[in-house]
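Quick notes on the structure that follows.
Along the sequence shown, the residues carry numbers beginning at 1. Reckoned from all heavy atoms, side chains included, excluding hydrogens, waters and symmetry mates.
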Amino acid sequence: MPSAIVLNGLHDVLCSKIVRFCSVPIKYNSMPSKSIEIPMPQRTSQPRLFDPHLPMGPLQRLLTLLNTSKGKELSITLKKNADTVSKSKFSWKLEEEAILLVLANLADVGWKFRVVRHSIYLIPPSVSKVDPQKAKELLRQSLLQGRNQQLANPNVKAFLTKMHTVRTFKGKAVSIENLLDNGADLAEEIFRHREKDLSVVADPYLQPVEIGEQCKYTGLDLMDIWRYFRHTWSLEYRPTPGRSLCFLIRNAARPFHPVMGIIGLANAVYQLSVRDEWIGWTTRAILLRIQKEPDYWAIFHKTAVDCLKTNLKAIRHDDLLEEIGNPTSIELKIKKLRELAIEAGNDRRDILKAEYKKASELDSDATTTAGSSIRRSKSGKIDWKSSSESPLFRRKRAEVLADIFSALNHLARFRGDTKALLSKVTITGGNRPEIKWLDEDFGRAFQVAVREIKKNGISSRILDVNVCGATPVYREILGGKLAALSLFAKEIGKEYERRYSSAKSEIASSMAGRGINKSSKICILTTTSLYGIGSSQYNRVRMNFGTRTLGWEDIGSTEGFGTIHFSKPTIEVLRKVAISSAGMRNVNNKFGEGTSPLLRQLREGLTVLGFDPDCVLHHNQRRIVYGLELYPNSREDLVLNRTPEPKNPPMALIAKEWIRRWFSMRAQNNEVIERLKGCTPESVKNDLAISDAQSDTDRKQEEI
């Protein structure tokens with residue numbers, strides 16, 4: 001019997017029934033090297049056939065489990081069996097474990113399964129019939145499972161215990177508990193001052209967090225403090241790659257300046273249709289505006305051409321143009337550049353396969369090997385020119401150059417002729433018009449122009465708020481509202497500019513073959529609710545500043561598509577399946593590889609297992625998207641690629657507004673005051689499952 005059955009491509013794997021009867025691994029020769037735009041599937045609650053790519057033995061075990069376990073018991077049983085399989089020596093243990101974990105996570109959020117004549121049907125929860133509160137509770141319980149698993153991790157437990165370990169700093173015994181305000185003491189102070197000046201009880205300020213910097217009151221690392229409080233939330237903590245900012249909201253009116261809340265901002269996700277429509281950053285939005293305001297085409301055309309020319313200059317192309325020679329036409333130049341892109345993509349795939357093979361032969365963790373495309377000199381300095389010559393960036397440069405040359409060629413024919421533009425497209429429909437290009441080449445050119453404008457903004461002028469909330473004690477007095485208001489503060493933008501205005505963009509610099517600095521002025525912040533039935537934290541959060549009103553705006557909902565319902569163990573095993581099946585790590589979480597690396601890798605793993613990724617990634621949990629314009633006309637600045645000049649209120653003014661509108665109201669509520677008394681460091685420790693059973697050695701004070 002062969003050691004592996006080799007098929008010619010992913011399609012053969014999906015279509016072949018051979019996987020149902022063989023007890024040997026299946027490999028396929030190629031994976032798509034180029035990321036493609038994935039259309040959002042339609043929301044549906046219809047059963048979907050699942051054809052597991054398993055040999056007969058594991059398949060029969062799975063069918064038996066689904067037939068004999070129901071309800072809440074099913075998820076527990078699936079996870080137990082996944083753990084047993086992971087420790088076995090079965091040749092298909094990785095695939096079987098992954099399928100069991102995926103089904104367990106789906107069961108956690110309300111999916112059901114039916115076995116009919118040896119076929120498995122996946123039944124997602126009905127969007128229309130599930131009670132929103134029940135759906136919220138199902139998702140919450142699923143998220144809590146992931147969070148509790150993380151808290152049970154020995155490394156996480158050791159970190160949390162260390163944060164509670166008492167040590168000496170500047171002659172005082174301190175720990176994280178000094179930064180966890182005591183609810184009973186705070187309640188007493190609020191009661192004493194609630195008819196007077198509450199600023200003597202709460203005086204919030206923002207403290208930027210950087211690794212290596214210490215709290216001047218406790219000596220604790222600021223990043224460790226931020227991480228500790230992030231673990232007190234119901235959502236599992238996952239670090240964010242790329243540009244990011246973290247802040248502590250601290251109370252200067254209390255001893256040790258305890259932490260009132262935490263904030264985290266990160267690179268905006270590239271694909272978020274509801275946000276792009278709100279900004280006006282889509283082909284459809286721009287065409288609809290041109291249809292309504294014919295003169296706008298001349299404005300946008302100039303913006304598009306200027307942006308394309310600027311972006312063209314920011315791409316190194318001397319070596320590529322030399323390779324393709326002197327084509328006799330622009331069409332031939334574009335064709336040859338696309339051929340170079342394909343060649344570079346093949347080179348990269350060969351390198352990744354060789355790396356994976358080498359790691360496998362050395363018996364190292366072959367699922368984590370992937371050489372960086374960022375090259376360095378012997379002195380350790382980044383060599384941007386050399387980086388631009390890596391297969392990854394050769395492919396990207398050739399692709400983008402071909403796109404820009406093509407877009408400029410087509411746009412040059414129209415300039416400000418609105419009638420000629422609209423003759424190339426039909427716009428039909430009511431509330432959500434559909435766009436159909438009659439000239440597909442020009443339509444592609446138009447879309448490239450919109451993409452290049454969007455790339456400029458998404459890289460550094462929009463940030464996502466991925467962490468925003470109060471610490472346990474301050475939740476009772478609307479600290480969450482304070483955190484949401486704090487994002488208006490000018491200190492946020494100043495810190496972003498301080499940290500990143502001189503930082504080189506890895507992708508842009510590797511594309512240019514020289515160091516490139518991106519704009520560091522923020523136009524817009526976005527965030528999403530954790531659940532789909534509204535967010536009390538962002539609702540009605542606004543304040544007047546000068547002649548304008550700053551405020552969070554509900555701009556629509558996501559499509560309920562993503563990975564939020566998958567636990568960390570499930571994600572990790574799906575990654576391993578994708579890597580093992582492809583014989584390489586196609587997605588390496590390296591800058592420049594493309595958007596949504598996690599989603600793309602999970603799609604690969606799910607497809608190999610026999611799942612329809614569009615089905616199981618569509619968890620049907622819509623989330624509300626909120627947008628914050630930091631200054632007037634910020635959306636127009638993004639669409640027209642203009643440099644922003646935001647002016648925002650200082651944190652001191654925001655703190656006063658929070659006290660006036662939110663804290664003062666809460667201070668009058670006796671029930672709140674009573675609940676506040678129960679919020680203590682001890683209650684937080686209990687929630688985090690931190691044991692007091694420490695030896696005297698563990699409890700002895702450390703010198704900082």
Residue pair L245 / R499, side-chain heavy-atom distance below 4.5 Å: yes
For the aromatic rings, using the six-membered ring if either is Trp, is the centroid distance between W552 and Y626 under 6.0 Å? no
So, E277 and R635, do they make that salt bridge, N to O below 4.0 Å? no
Return the minimal non-hydrogen interatomic distance between I279 and V639, and the atom names on each side. O-CG2, 3.4 Å
Indicate yes or no: does D637 engage R461 in a salt bridge with an N to O separation below 4.0 Å. no
Is it true that T282 and D276 share a donor-acceptor pair across their side chains at a distance under 3.5 Å? no
State whether F663 and K481 meet the cation-pi test: NZ (Lys) or CZ (Arg) under 6.0 Å from the six-membered ring centroid, and within 45° of the perpendicular axis. no
N517 vs S505 side-chain heavy atoms within contact, under 4.5 Å: no
For the CG atom on L438, are there more than 12 heavy atoms of other groups (residues, nucleotides or ligands in this structure) within a distance under 6.0 Å? yes
Would you mind reporting whether I462 and I522 have side-chain heavy atoms less than 4.5 Å apart? no
Is R230 close enough and on-axis enough to Y237, meaning under 6.0 Å and within 45°, for cation-pi? no
Can you find a heavy atom in the side chain of L287 that is under 4.5 Å from one in the side chain of L421? yes
Quick one: do Y205 and N251 satisfy side chain to side chain donor-acceptor pair (under 3.5 Å)? Show the steps, please. CA-CA 7 Å; Y205 67 93; N251 189 354; over 6 Å; no
Got L630 and K521 here, is their nearest side-chain heavy-atom distance under 4.5 Å? no
Quick one: closest heavy-atom pair of T303 and I453, and the distance? CG2-CD1, 3.9 Å
For K518, I'd like to know if atom NZ has over 12 heavy atoms of other residues, nucleotides or ligands within 6.0 Å. yes
Sidechain N-carboxylate O distance under 4.0 Å for E657, R661: no
In terms of heavy-atom contacts, does NZ of K112 have more than 12 from other residues, nucleotides or ligands at under 6.0 Å? no
Are any of the side-chain nitrogens in R444 or E440 under 4.0 Å away from the carboxylate oxygens of its partner? no
Taking the ring of F446 and the ring of F300, is the distance between their centroids below 6.0 Å? yes
Can you find a pair of side-chain heavy atoms, one from S486 and one from I263, that are under 4.5 Å apart? yes
Assess whether side chain to side chain contact (heavy atoms under 4.5 Å, CB included) is satisfied between S501 and Y496, documenting all intermediate values. CA-CA 8 Å; S501 61; Y496 184 67; over 6 Å; no
Between E491 and K494, does any NZ, NE, NH1 or NH2 come within less than 4.0 Å of an OD or OE carboxylate oxygen? no
Step by step, work out the side chain to side chain donor-acceptor pair (under 3.5 Å) result for Q447 and T283. CA-CA 6 Å; Q447 291 166 355; T283 298; 4.8 Å; no
Salt bridge check: are E452 and K455 linked by an N-O gap of less than 4.0 Å? yes
Taking NZ, NE, NH1 and NH2 as the nitrogens, is one of them in D687 or R147 under 4.0 Å from a carboxylate oxygen of the other? yes
Compare all side-chain heavy atoms of W233 with those of V467 and state whether any distance is below 4.5 angstrom. yes
